[in-house]
J.: 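This is the structure I have questions about; it appears just below.
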2 protein chains.
Amino acid sequence: MPTPAPGNEPPAVTATDNLTAAGGPATRAPLPGAGSATLRMWVRLLACAKIGEKQLRRKFDEQFDTTLPRFDVLAALDRVPEGLSMSALSRALLVSNGNVTAIVRQLQAQGLVASRIDPHDARSAIVSLTPAGQRQFDTLATAHHAWIAAMLRDVPAERVDQLVRSLGELRAILEERT
Amino acid sequence: MPTPAPGNEPPAVTATDNLTAAGGPATRAPLPGAGSATLRMWVRLLACAKIGEKQLRRKFDEQFDTTLPRFDVLAALDRVPEGLSMSALSRALLVSNGNVTAIVRQLQAQGLVASRIDPHDARSAIVSLTPAGQRQFDTLATAHHAWIAAMLRDVPAERVDQLVRSLGELRAILEERT
DNA sequence: CCTTTATGCTTTAAGCCTAAAGAAAGAGGA
DNA sequence: TCCTCTTTCTTTAGGCTTAAAGCATAAAGG
């Protein structure tokens, strides 16, 4: 559609990418120095995460009839063969306690994870992968890895390394302020 | 908390940060070259987005009794005074069409946005900020900007600039593959 | 033993999100 | 006119997410 109904197509920019565009040379910008570079960084970070997540979510659904959060649980459990308590799981995944309850219930119904009472604490359930869950995770992880490699194949290797470092630093800073 | 309840505290790493850790010098790594640097980059990107989003969501809720998605809608509309159709809005926000319906309905009930029929196309509703919505957005945007500046105040300015560039490049690449 | 306090987990209410199906309007051609 | 195809939007079913309330267990102190 060339020249589509004037004023109907938005610039394909997410949210507030250029909040300070109007106003000319700002003489009283809030929080001077930092300017809005941090805001632009944040908006772009979020856009990247959203776009990529959308692609991965669709792949998980289409090819394996599962979801990203369920994969995340399996991945967390794969890293700790002894199993994790619900609380530990929720901390590892950065989601709320109640949320984990529902997701684990689904995986349990599918026979992918098992839950036993902590012998040292009757309140605590320890969740771990079943053999079927381990097999399922291995399959999913391979596909997941390949999807991401494909998604990012046009990003130069040195740029990837740079981002690994910078984002690691950024994550450390963000975690401090929690 | 030094030495906390042995075996109960997971390493504070999100999801699959080091999938290839076990196995020594891999002789048959899938997708050689790229290795798992892309995977680590992706996991870190996602972690940063989640941590930051969580903080912002809480701030929006506590201080203004609103939500991030609603702010996103206001922000998109602020950038286009003539208003946007529901479809254009959903494209700008990277969310589904049906989702926008619900969020706009909320904002409409609060009197922050108005919706009129497109005179050129009776199917299309054009949504725009009301004066009250504009005032609300200005307030929220100022706070939002300040929160982000505070959240990222320990990231060196040159690192911010570097990330702005790299993430912009990354976003462009991700958008191609949609 | 009993009370108080803290912890682990589940439940609930409310909201965000998607895909898919459906309703309504536009656009084009026979 | 009528038929078909497309586009725009809403609705629906299902899943993720949170905060807050509630239940059960644990831990500490009288």
J.: Using atom CG of N97(A) as one end and atom P of dT12(C) as the other, report the distance to the nearest whole Å.
T.: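 In whole Å, dT12(C) P and N97(A) CG are 16 Å from each other.
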
J.: Using whole Å, what does the distance between atom C1' of nucleotide dT7(D) and atom CE of M86(B) come to?
T.: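 Interatomic distance, CE of M86(B) to C1' of dT7(D): 15 Å.
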
J.: Can you check whether S124(B) has a side-chain N or O nearer than 4.0 Å to OP1 or OP2 of dT7(D)?
T.: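 Answer no for this pair, as no side-chain N or O of S124(B) is under 4.0 Å from OP1 or OP2.
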
J.: For nucleotides 23-26 of chain C, give me every protein contact, N/O to N/O, under 3.5 Å, one pair per line with atom names.
T.:
| residue | atom | partner | partner atom | Å |
| --- | --- | --- | --- | --- |
| dG26(C) | OP1 | A122(B) | N | 3.3 |

J.: Send over the distance from L89(B) CG to dT7(D) C1', rounded to a whole Å.
T.: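 Atom-to-atom, L89(B) to dT7(D), this comes out as 17 Å.
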
J.: Ring-plane angle category for F60(B) and H144(B), please: parallel below 30°, perpendicular beyond 60°, tilted otherwise.
T.: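 Rings of F60(B) and H144(B): parallel, under 30°.
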
J.: Counting only heavy atoms not in K54(B), do more than 12 fall under 6.0 Å of its NZ?
T.: yes

J.: Name every residue in residues 53-68 of chain B that has at least one heavy atom under 4.0 Å from any atom of DNA chain C, in order of residue number, or write none if there are no such residues.
T.: T67(B)

J.: Suppose the criterion is salt bridge (Lys or Arg N to Asp or Glu O under 4.0 Å): which pairs have a residue in residues 134-144 of chain A, not counting sequence neighbours?
T.: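 Passing the test, one end in residues 134-144 of chain A: no pairs.
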
J.: Regarding S87(A), tell me which of base, sugar-phosphate or nothing describes its non-hydrogen contacts under 4.0 Å with the strands shown.
T.: sugar-phosphate

J.: Check the pair R44(A), R40(A) against side chain to side chain contact (heavy atoms under 4.5 Å, CB included), reporting the backbone distance first and the verdict last.
T.: CA-CA 6 Å; R44(A) 291 184 185 190; R40(A) 292 173 68 205; 3.0 Å; yes

J.: Using only heavy-atom distances, determine whether the side chains of R58(B) and Q55(B) contain a donor-acceptor pair under 3.5 Å.
T.: no

J.: With a 4.5 Å limit on heavy-atom distance, are the side chains of V127(A) and S85(A) in contact?
T.: no

J.: Ignoring the backbone of S96(A), work out which of dC16(D), dT18(D), dG15(C) is nearest its side chain.
T.: dT18(D)

J.: Separation of L93(A) atom CG from dT18(D) atom C1', in whole Å?
T.: 15 Å

J.: Same cluster or not: are L74(A) and I126(A) linked, directly or through other Ile, Leu, Val, Met, Phe, Trp or Tyr residues, by side-chain heavy atoms under 4.5 angstrom apart?
T.: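 Each belongs to a different hydrophobic cluster.
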
J.: Sequence neighbours excluded, which residues qualify as salt bridge (charged side-chain N to carboxylate O under 4.0 Å, His left out) partners of R70(B)?
T.: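 Once residues adjacent in sequence are excluded, R70(B) has no partner under the salt bridge (charged side-chain N to carboxylate O under 4.0 Å, His left out) criterion.
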
J.: Distance-only criterion, 3.5 Å: show the donor-acceptor pairs between side-chain atoms of residues 109-117 of chain A and protein atoms not counting sequence neighbours.
T.:
none

J.: Are side-chain heavy atoms of T67(A) and D61(A) found at a separation under 4.5 Å?
T.: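 A side-chain contact under 4.5 Å is absent here.
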
J.: So, F137(A) versus F71(A), ring centres under 6.0 angstrom or not?
T.: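 Yes, the ring of F137(A) comes within the 6.0 Å limit of the ring of F71(A), centre to centre.
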
J.: Which residues in residues 98-109 of chain A have at least one heavy atom lying under 4.0 Å from any atom of DNA chain D?
T.: N99(A), I103(A), Q106(A)

